[in-house]
K.L.:
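Handing you a structure now.
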Amino acid sequence: MRKQLTICCAFALAACSSAPSESDIEELMQRTFASCQNVMLKDVKKTNGYEDDGHYTVEFSYSLKVKNPKQLRNKKEQLIKEIEQKNQASSSLSEISQIASDMEHELQKLEWAGYPKMIEFDRRYPHLSADEKANLLSAAQAEYARNPPAELLQKRQELKAKKDALEAQRTSFPRLEIVGNIGSVVENFYQAGCSQTARRFMRPLVSAPREAANAENDQTRWFDEYDIDMTAKIPMRKTEAGWRALSN
């Protein structure tokens with residue numbers, strides 16, 4: 001995938017004379033990217049240059065390359081593995097959760113079926129007053145709570161076991177380093193060790209994977225290797241140590 005992108009880096013102005021060569025620009029850029037751990041500079045070409053208000057502005061093209069593409073492939077494989085882990089865990093959690101929900105519903109029906117109700121006392125004790133039946137009902141309900149039927153106790157224990165299993169499954173959910181954090185992982189990979197100046201020159205390298213992943217709805221595209229042509233312009237001045245970019 002190739003893209004033509006322009007980066008404009010703002011620097012303060014100062015006076016200079018003559019013009020920097022392509023090798024001067026490459027030397028400047030190589031120093032800028034020297035500390036980067038995972039990317040390297042290539043194909044620096046001067047495309048234009050002009051004096052501008054006391055300094056010299058150079059325009060040039062360049063590209064960046066991943067030093068070790070295997071690192072990207074490894075991260076892509078890890079992402080695929082994490083997606084599978086997440087899907088499997090989510091499916092298992094959903095299944096256990098549904099079983100627990102069904103059991104809880106069944107338990108509620110069982111509890112209600114055996115729970116003492118006034119209609120039973122109306123039918124059983126028609127000769128008693130409402131207060132007397134209410135007292136009997138209250139006593140029966142208290143006894144039911146203290147000594148529930150064996151079947152009900154068993155169902156409660158089964159439900160608790162399922163809920164415990166569900167909680168254990170949640171707490172043992174695999175730790176995912178990339179899923180849910182892909183953008184930061186990719187950005188940190190490309191920018192590792194780079195200075196702030198170098199990071200300004202490599203923004204398209206970071207944005208290209210995001211655009212590809214979003215366009216194709218494929219998260220694994222974050223970890224493809226992209227060949228991106230970039231252009232930039234820098235104000236420079238001549239010093240005793242050679243041509244240098246103007247600094248703020």
Side-chain angles (χ1 to χ4, degrees), residues 1 37-39 66 68-121 123-124 137-192 203 205-226:
M1 177 181 293
Q37 298 174 10
N38 296 325
V39 296
V66 175
N68 184 3
K70 184 178 179 181
Q71 290 178 294
L72 276 179
R73 292 195 296 271
N74 289 342
K75 288 186 178 297
K76 186 173 185 176
E77 291 173 2
Q78 182 181 350
L79 172 61
I80 294 172
K81 182 179 178 181
E82 287 188 8
I83 291 174
E84 291 176 351
Q85 288 177 329
K86 180 182 178 182
N87 291 340
Q88 290 173 359
S90 297
S91 177
S92 179
L93 285 174
S94 179
E95 182 180 353
I96 295 176
S97 179
Q98 184 60 51
I99 292 173
S101 177
D102 292 343
M103 288 180 65
E104 189 158 10
H105 184 64
E106 183 181 350
L107 179 61
Q108 289 174 350
K109 290 196 298 183
L110 185 62
E111 287 180 336
W112 178 247
Y115 193 71
K117 306 173 185 66
M118 179 59 77
I119 190 172
E120 299 169 357
F121 285 79
R123 187 169 54 247
R124 192 182 308 173
L137 176 63
S138 179
Q141 290 174 342
E143 178 61 23
Y144 184 86
R146 286 193 299 269
N147 299 297
E151 183 183 5
L152 183 58
L153 286 174
Q154 182 180 350
K155 289 292 184 182
R156 286 177 178 175
Q157 291 171 354
E158 291 174 358
L159 177 60
K160 183 180 183 304
K162 282 298 179 184
K163 288 184 174 180
D164 289 345
L166 183 62
E167 187 59 30
Q169 191 88 347
R170 286 196 183 99
T171 55
S172 64
F173 194 83
R175 182 174 180 270
L176 305 179
E177 297 180 359
I178 299 179
V179 170
N181 195 35
I182 299 179
S184 295
V185 171
V186 173
E187 185 171 305
N188 291 339
F189 172 79
Y190 283 117
Q191 295 183 350
R203 285 171 185 161
L205 189 62
V206 176
S207 61
R210 177 184 294 105
E211 294 172 5
N214 291 340
E216 300 181 26
N217 195 28
D218 180 359
Q219 298 303 297
T220 64
R221 293 300 306 277
W222 279 93
F223 296 104
D224 286 344
E225 187 176 4
Y226 295 89

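Counting begins at 1 with the first residue of the sequence.
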K.L.:
Can I get a per-line list of side-chain donor-acceptor pairs under 3.5 Å for residues 156-165, giving both atom names and the distance, sequence neighbours left out?
P.N.:
{"unit_1": "Arg156", "atom_1": "NE", "unit_2": "Glu111", "atom_2": "OE2", "d": "3.1"}
{"unit_1": "Arg156", "atom_1": "NH2", "unit_2": "Glu111", "atom_2": "OE2", "d": "3.0"}
{"unit_1": "Glu158", "atom_1": "OE2", "unit_2": "Gln154", "atom_2": "NE2", "d": "3.2"}
{"unit_1": "Lys160", "atom_1": "NZ", "unit_2": "Asp164", "atom_2": "OD2", "d": "2.9"}

K.L.:
Step by step, work out the side chain to side chain contact (heavy atoms under 4.5 Å, CB included) result for Trp222 and Val185.
P.N.:
CA-CA 10 Å; Trp222 279 93; Val185 171; over 6 Å; no
K.L.:
With rounding to the nearest 0.5 angstrom, report the NZ to CZ distance, Lys75 to Phe189.
P.N.:
7.0 Å
K.L.:
What's the separation between atom CG in Asn188 and atom CG in Asn38, rounded to the nearest 0.5 Å?
P.N.:
10.5 Å
K.L.:
Listed by chain and number, what are the ring-ring contact (aromatic ring centres under 6.0 Å, His included) partners of Tyr190, not counting sequence neighbours?
P.N.:
none
K.L.:
Hey, could you give me the CD/NZ distance between Glu82 and Lys86, rounded to the nearest 0.5 Å?
P.N.:
10.0 Å
K.L.:
Look at atom CG of Asn68 and say whether more than 12 heavy atoms of other residues, nucleotides or ligands are closer to it than 6.0 Å.
P.N.:
yes
K.L.:
Just by distance, do the side chain of Glu225 and the backbone of Pro69 share a donor-acceptor pair under 3.5 Å?
P.N.:
no
K.L.:
Is the backbone of Gln108 close enough, under 3.5 Å, to the side chain of Lys155 for a donor and an acceptor to pair up by distance?
P.N.:
no
K.L.:
Taking all non-hydrogen atoms of both residues into account, name the closest pair between Val186 and Pro209 and its distance.
P.N.:
CG1-CG, 4.4 Å
K.L.:
When rounded to the nearest 0.5 angstrom, what is the spacing between CG in Leu79 and CD in Gln219?
P.N.:
7.0 Å
K.L.:
Going by an N to O cut-off under 4.0 Å, is there a salt bridge joining Arg123 and Glu120?
P.N.:
no
K.L.:
So which atom in Gly114 and which in Tyr144 form the shortest heavy-atom distance, rounded to 0.1 Å?
P.N.:
O-CE1, 3.0 Å
K.L.:
Distance check, rounded to the nearest 0.5 Å: Leu152 atom CG versus Leu107 atom CG?
P.N.:
5.5 Å
K.L.:
Evaluate side chain to side chain contact (heavy atoms under 4.5 Å, CB included) for Arg73 paired with Phe223, printing each intermediate quantity in order.
P.N.:
CA-CA 7 Å; Arg73 292 195 296 271; Phe223 296 104; over 6 Å; no
K.L.:
Of Gln78, Gln85, Glu77, which meets side-chain contact (heavy atoms from CB on, under 4.5 Å) against Lys81?
P.N.:
Gln85
K.L.:
Just checking, is any N or O donor in the side chain of Asn181 or Glu177 under 3.5 Å from an acceptor N or O on the other one?
P.N.:
no
K.L.:
Any side-chain donor paired with an acceptor under 3.5 Å for Glu143 and Asn147?
P.N.:
yes
K.L.:
Heavy atoms only: give me the nearest Leu205-Tyr226 pair and the separation to one decimal.
P.N.:
CD1-O, 4.2 Å
K.L.:
Return the CZ to CD1 distance between Arg210 and Ile182, rounded to the nearest 0.5 Å.
P.N.:
11.0 Å
K.L.:
For Leu72 and Asp224, work out which heavy atoms get closest and say how close.
P.N.:
CD1-O, 4.0 Å
